[in-house]
Amino acid sequence: MDKTTFLLAFVIGGVGLVTLATVLLGWGRRVPLSGLQEAQDRLAIDLPDATVTGGIVADDGLAALLDLDDGRVAAVACLGDRRWTRILTGAGGPRIRGVQVSDEGLRIPLRDPGAPILRVALADADTRAHWAARLEA
Amino acid sequence: MEIPDYPNISEWAVPFYIVTMLVELGIGWFTGRVRYETRDTLASLVMGGGSLLAGALTAGAIGTVSLWLYEHRLFTFGFEPWWIVLAFVLDDLRYYWVHRFGHEIRWLWAAHIVHHSSQHYNLSTALRQTWTSFFALWWVVRLPLVFLGLHPAVLAFCGGINLVYQYWIHTEAIRRFPPWFEAIMNTPSHHRVHHATNPRYLDANYAGTFIVWDRLFGTFVPEDDAEPCRYGIVKSLGTFNPLRIALHEWVGIARDATGLSLRQRLGYLIGPPGWSHDGSRKTSADLKREHLRRHPEEAGKPGRPEVA
């Protein structure tokens with residue numbers, strides 16, 4: 001086995017071993033939001049001047065949509081055991097590419113190369129329709 | 001003059017990386033002080049592998065330019081140990097500045113943002129490296145040392161040692177070293193600050209091996225146990241996709257710089273991250289000022305501007 005092949009095998013084996021270890025330790029599970037308050041607290045870190053007036057946490061806890069007092073809608077979403085936030089509507093041009101509604105909830109493609117898709121699981125049809133309308137307004 | 005056959009430190013370090021990550025995972029499991037996440041880790045390791053590959057593909061071009069410049073050098077330094085030590089110190093100073101530029105100039109940041117894009121801080125984060133440093137021209141900043149007279153092979157060797165040194169400081173498993181060590185060397189504590197997005201910690205601690213450069217050039221901010229680090233980038237990623245991790249900032253630059261005046265385009269290319277032609281975004285300095293406006297009692301402390 002030449003040096004390059006050995007190194008390649010070591011890299012691939014090492015990546016597999018470390019990744020497997022994280023799975024075995026239970027660190028592969030998504031950690032959903034504990035509730036609306038956590039979503040608000042997380043948004044306050046990124047947007048300390050924003051005031052949340054209402055919102056909803058997705059049925060699976062993996063995202064939340066938040067109404068701000070200036071009329072904008074913000075999102076807090078889960079990425080593994082961490083969260084990311086984005087403003088979805090308001091000043092600065094369109095930030096979403098439309099809203100796709102299905103029985104499971106909302107699928108929101110974003111104009112953002114670092115966060116291309118936001119999924120919000122909402123089983124209730126009225127709730128889905130309300131938020132789809134808010135986002136497309 | 002015979003050129004020594006220096007080992008490729010980055011390749012030799014691969015077994016060390018794997019073993020130490022497994023040890024850190026164990027420490028995390030037993031103490032709760034370290035946290036890994038499967039897909040975040042996998043993304044970091046894929047980025048690291050891709051970076052190795054990108055480095056191998058571009059090494060020839062960089063080597064050719066460097067060797068050509070070395071032929072026109074000002075002085076000739078040898079390969080004796082004391083010249084290696086000098087080269088290491090100068091290369092570390094070079095690293096401080098290119099790293100600082102990498103945070104203050106968006107074109108360079110577009111490559112370096114990859115390394116900061118995880119919200120975790122563990123040894124796998126150290127390996128989350130860019131694929132586009134050649135394109136971003138990070139390597140150009142080493143050329144003055146070649147022109148000065150340091151052989152490219154010596155600088156590559158020193159750079160390899162520097163990178164391996166920086167690997168082990170990406171951990172929360174180690175809190176602090178004795179004060180004398182923290183005063184001279186870059187440590188996990190100093191580098192945690194560098195990876196943090198808390199306003200007071202932004203744009204601080206650029207050092208590679210010696211933290212003295214930050215102390216010298218006014219960018220040193222000590223870790224404050226009362227303010228735990230929040231890791232990642234100001235606008236957190238919403239994906240583990242390696243291609244998006246590698247390229248999202250470049251796509252952002254291309255979108256931002258389209259349909260504007262030349263001056264505005266240049267602002268997006270070489271201005272600081274967060275600069276915008278209409279003032280709709282925030283740079284690190286803006287975030288620090290806004291933080292200070294909300295917390296005027298913190299004025300004058302390390303990492304905060306003097307006035308709001």
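The chains referred to below are lettered A, B, ... by the order of the sequence lines, with proteins before strands, and numbering in each begins at 1. For the numbers below, each heavy atom of this structure counts, side chains included, while hydrogens, waters and symmetry mates do not.
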Top contributor to chain B interface from Leu17(A), Val18(A), Val31(A), Val23(A) [non-hydrogen pairs under 4.5 Å]: Val18(A)

Please confirm whether the backbone N or O of Ala115(A) pairs with a side-chain atom of Arg244(B), one donor and one acceptor, at under 3.5 Å? no

Heavy-atom contact with chain A under 4.5 Å, split by part of Val234(B): backbone

Quick check on Thr41(B) against chain A: is it the side chain, the backbone, both or neither that has a heavy atom closer than 4.5 Å? side chain

Taking every heavy-atom pair that is under 4.5 Å apart, which of Leu237(B), Asn241(B), Thr38(B), Val14(B) has the most such pairs with chain A? Thr38(B)

Value for CD1 (Ile12(A)) from CG (Leu45(B)), rounded to nearest 0.5 Å, stands at 12.5 Å

Out of Leu20(A), Leu110(A), Thr19(A), which one racks up the most heavy-atom pairs below 4.5 Å with chain B? Thr19(A)

Salt-bridge test for Asp112(A) and Lys235(B): reply yes if a basic N is under 4.0 Å from a carboxylate O, no otherwise. yes

Shortest non-hydrogen pair, Glu37(B) vs Gly80(A), comes out as OE2-CA, 3.4 Å

Chain A interface, residue from Glu249(B), Arg35(B), Glu290(B) that has the most non-hydrogen pairs under 4.5 Å: Arg35(B)

Side chain from CB out, backbone as N, CA, C, O: work out which of these in Lys282(B) comes under 4.5 Å of a heavy atom of chain A, or both, or neither. neither

Is chain A contacted by the side chain of Arg281(B), its backbone, both, or neither, given a heavy-atom distance below 4.5 Å? neither

To the closest 0.5 Å, what do you measure between CG (Leu42(B)) and OG1 (Thr22(A))? 8.0 Å

Identify the heavy atoms of Gly238(B) and Leu79(A) that sit nearest to each other, and give their distance. C-CD1, 3.7 Å

Quick check: closest heavy atoms across Tyr36(B) and Trp27(A), and the distance to 0.1 Å? O-CB, 3.2 Å

Considering only heavy atoms and a distance below 4.5 Å, find which of Gly28(A), Gly26(A), Pro113(A) pairs most often with chain B. Pro113(A)

Residue Pro199(B) versus chain A: region with a heavy atom under 4.5 Å: neither

Rounded to the nearest 0.5 Å, how far does CZ of Arg30(A) lie from CZ of Arg39(B)? 4.5 Å

Counting heavy atoms not belonging to Trp29(B), are there more than 12 under 6.0 Å from its CH2? no

Student check: side-chain heavy atoms of Ser236(B) and Arg82(A) closer than 4.5 Å: no

Within a 6.0 Å radius of atom CZ on Arg97(A), are there more than 12 heavy atoms belonging to other residues, nucleotides or ligands? yes

Let me know if Arg86(A) has heavy atoms under 4.5 Å from chain B in its side chain, its backbone, both or neither. side chain

Among Asp278(B), Val251(B), Thr239(B), Val46(B), which has the most heavy-atom pairs under 4.5 Å with chain A? Thr239(B)

Could you tell me which portion of Asp46(A) (side chain, backbone, both or neither) has an atom closer than 4.5 angstrom to a non-hydrogen atom of chain B? side chain

Where Leu22(B) and Ala21(A) come nearest, the two heavy atoms and their spacing: CD2-CB, 4.1 Å

